[in-house]
Amino acid sequence: MAILTNQIAAVPTALELQRLMRIQVPVIVKLAERRINVNEVLKLAAGSIIEFPKASDDPMELMINNRTIGTGVAVKVGENFGIRISQIGDPRSIIEALGG
């Protein structure tokens, strides 16, 4: 026999949604990843170069809370760099990434 409970999911109010939408979250653009041993890390100095096994024109990952929510390519915006988003997840997956 199933036991039913009277739990109702909390629905946020308009004011709560407005507050949530103003929260700032860190956005990470991941160019590439590589593992190196501690010995190599200790040899790093200013001017050292670490080569990554990824082409310079390959897509970068757009991440929130260390979870990929999309991909894009590097662009120059004035004197700064940015990312042109080429693919983004659906709103549900983005919200799940925000929750950690």
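Residues take their numbers from the sequence shown, with the count starting at 1. Here the structure is a predicted model, which is why all the values come from computation and not from measurement.
- When hydrophobic clusters are built by joining Ile, Leu, Val, Met, Phe, Trp and Tyr residues whose side-chain heavy atoms come closer than 4.5 Å, directly or via intermediates, L62 is not grouped with F52.
- A continuous path of ILVMFWY side-chain contacts below 4.5 Å connects V29 to L98, so both sit in one hydrophobic cluster.
- Residue M63 is not grouped with residue I88 when hydrophobic side chains (ILVMFWY) are merged at heavy-atom distances under 4.5 angstrom, including chains of intermediate members.
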For D57 and V73, what are the C-alpha separation, side-chain angles and deciding distance, and is it a side-chain contact (heavy atoms from CB on, under 4.5 Å)? CA-CA 7 Å; D57 57 350; V73 293; over 6 Å; no
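- A pairwise comparison of heavy atoms in E79 and K76 identifies CA-CE, 4.3 Å as the closest pair.
- Across I69, T68, I83, a single residue satisfies side chain to side chain contact (heavy atoms under 4.5 Å, CB included) together with E61, and that is T68.
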Could you walk me through whether E51 and R34 pass the side-chain contact (heavy atoms from CB on, under 4.5 Å) check? CA-CA 8 Å; E51 185 177 347; R34 178 179 178 179; 4.1 Å; yes
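- Here the OG atom belonging to S93 is positioned 9.0 Å from the CD1 atom belonging to I95, to the nearest 0.5 angstrom.
- Remark: L44 CG to I49 CD1 distance equals 11.5 Å, nearest 0.5 Å.
- Taking both residues in full, the closest heavy atoms of S86 and G72 are given as OG-CA, 3.5 Å, listed atom of the first, atom of the second, then distance.
- The closest donor-acceptor contact from the side chain of R67 to the backbone of E96 lies under 3.5 Å.
- With a 4.5 Å cut-off on side-chain heavy atoms, V25 and N65 do not count as touching.
- Other residues, nucleotides and ligands contribute at most 12 non-hydrogen atoms within 6.0 Å of the CG atom of N66.
- When all heavy atoms of K54 and K30 are compared, the pair lying nearest together is NZ-O, 4.4 Å.
- Paired with R19 under the rule side chain to side chain contact (heavy atoms under 4.5 Å, CB included), one option of L17, L15, I23 passes, and it is L15.
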Does the side-chain contact (heavy atoms from CB on, under 4.5 Å) test come out yes or no for I94 and I64, once each step is laid out? CA-CA 8 Å; I94 294 171; I64 300 289; 5.7 Å; no
